[in-house]
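For reference, the structure discussed in these notes is given below.
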Amino acid sequence: MIFKYNCPRCNKGQNFEGLCLKCKEEIRLEEARKLTPKQIQERQQYLIEHLEDLENLKDEAANYFWDCLALHGIVSEELQREAVKAEVFYPWEIYYHAPEDVRDALIKCLKTTENSMEASHLLECLAMQGDDVTLETFIELKRNPPKWREKLYVDPDIYAENGGWTFDESGKRLAVNYDKCYCFEKKDTGDKAVVIGRTREDRCPHCGGLLVDLISIDGTDKRMDFLNVHGKITATCCPGCICFAEGYSRFELDGSSEACFPYKGMSDNEECYVSDDDCKILENNGLELSEKESHLFAEANDWNAVSIGGFAHWIQDCQISKCPDCGKPMRYLAQLSWETIMAGMCEGTVYVEMCPDCKVISMHHQQT
Ligand SMILES: [Zn+2]
Ligand SMILES: [Zn+2]
Ligand SMILES: [Zn+2]
């Protein structure tokens with residue numbers, strides 16, 4: 001295809017003059033990273049005055065909200081109070097760790113609503129709030145389901161997972177994510193603390209393609225201390241077949257790992273979608289772990305997200321798998337967008353979860 005113009009920043013061919021959309025967005029984010037505390041406060045004020053725009057994720061309001069939360073870790077209590085007063089229950093992240101009075105207002109709405117849709121949004125908002133009173137409320141609602149439960153697909157403990165937590169039958173709180181987040185950068189320093197997309201020698205029994213260590217994390221690197229794993233965590237899969245079925249792998253702390261086959265519902269003569277050459281492209285992604293920690297929601301609103309810990313950008317619904325060994329909910333560990341790790345050759349994102357006790361990894365793919 002012949003293009004008339006090139007983006008002056010990245011040189012990509014296109015049919016219009018000026019910066020491409022991706023470069024425009026990158027420049028916007030660079031600016032947003034530099035926001036001063038005063039400017040952040042002004043943006044929170046703008047959101048209070050434009051709650052309806054925020055609820056409908058209109059451009060400016062959505063950008064203001066996500067820039068403050070993702071890049072600076074901020075959503076003000078004032079915004080939370082005004083939002084609950086105006087009964088704005090979306091985006092749910094507004095209510096992340098909201099104070100007690102806001103929590104109580106949300107619980108009051110949840111206990112009085114008869115509308116299942118509204119109840120569903122309120123459960124998501126409270127999942128983000130996530131304190132012990134919310135936990136008690138969710139336990140109570142699971143044990144004595146109100147009328148609106150009939151029209152919802154899942155119980156409150158599954159809603160809670162969106163906020164990074166859940167509870168077991170005895171009501172004990174369990175974490176299903178990690179409270180630190182690290183992102184990646186394209187750099188060339190030889191930093192091997194986390195390796196993405198390393199090609200292996202063994203092959204997939206379904207399609208014959210090469211297997212890859214999708215992500216391998218050195219838990220002894222200082223930055224990865226929060227994972228509390230004193231060795232290596234490796235997630236292994238067939239990069240082609242993982243897009244069609246959830247896959248598991250088992251790892252040892254010495255860095256070895258093995259993919260678990262068969263993948264559910266896959267036969268042993270599937271088409272191979274990722275060639276050996278494609279695996280090389282994946283392996284040469286150039287991504288290295290950032291030196292600095294990011295905010296928890298840094299990659300929670302990014303279609304091209306690659307990150308460890310914090311909150312994921314779920315393309316469909318939040319999906320926390322159960323450990324096939326011990327049955328407990330696994331912990332969301334990482335997300336890898338194919339767009340970013342494979343030079344745009346595939347769509348969608350793979351979510352990696354872990355049971356640290358059983359050293360089991362689950363991987364599942366989502367796309368629009
Ligand atoms: Zn560009
Ligand atoms: Zn395969
Ligand atoms: Zn387990």
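Just so it is clear, the structure is predicted and the values come from calculations on it, not from any experiment. Every number for a ligand or one of its atoms is a count from 1 in the order of the listing. Quick note: residue numbers are just sequence positions, from 1. Scope of the values below: all heavy atoms of this structure, side chains included, with no hydrogens, waters or symmetry mates.
R33 has no carboxylate O lying under 4.0 Å from a charged side-chain N of D67, or vice versa, which leaves the two without a salt bridge. With salt bridges taken as basic N to acidic carboxylate O contacts below 4.0 Å, one links K222 and D225. Note on E17 versus K4: no salt bridge recorded, every NZ/NE/NH1/NH2 to OD/OE distance being 4.0 Å or above.
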E42/K38 under salt bridge (Lys or Arg N to Asp or Glu O under 4.0 Å): CA gap, chis, key distance, verdict: CA-CA 6 Å; E42 284 164 5; K38 182 161 173 279; 3.2 Å; yes

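Taking the Zn ion (ligand 3) as the apex, the angle formed with SG of C358 and SG of C323 is 110°, to the nearest 10 degrees. The angle C20:SG - the Zn ion (ligand 1) - C7:SG amounts to 110°, with values rounded to 10 degrees.
Under the 3.5 Å distance criterion, with hydrogens and angles disregarded, a donor-acceptor pair is assigned to the side chains of Q129 and D131. No hydrogens or angles considered: nothing links the side chains of S275 and D277 as a donor-acceptor pair under 3.5 Å.
The distance from atom CG of L110 to atom CZ of R103, rounded to the nearest 0.5 Å, is 13.5 Å.
Taking 2.8 Å as the limit, the number of protein N, O or S atoms around the Zn ion (ligand 2) is 4.
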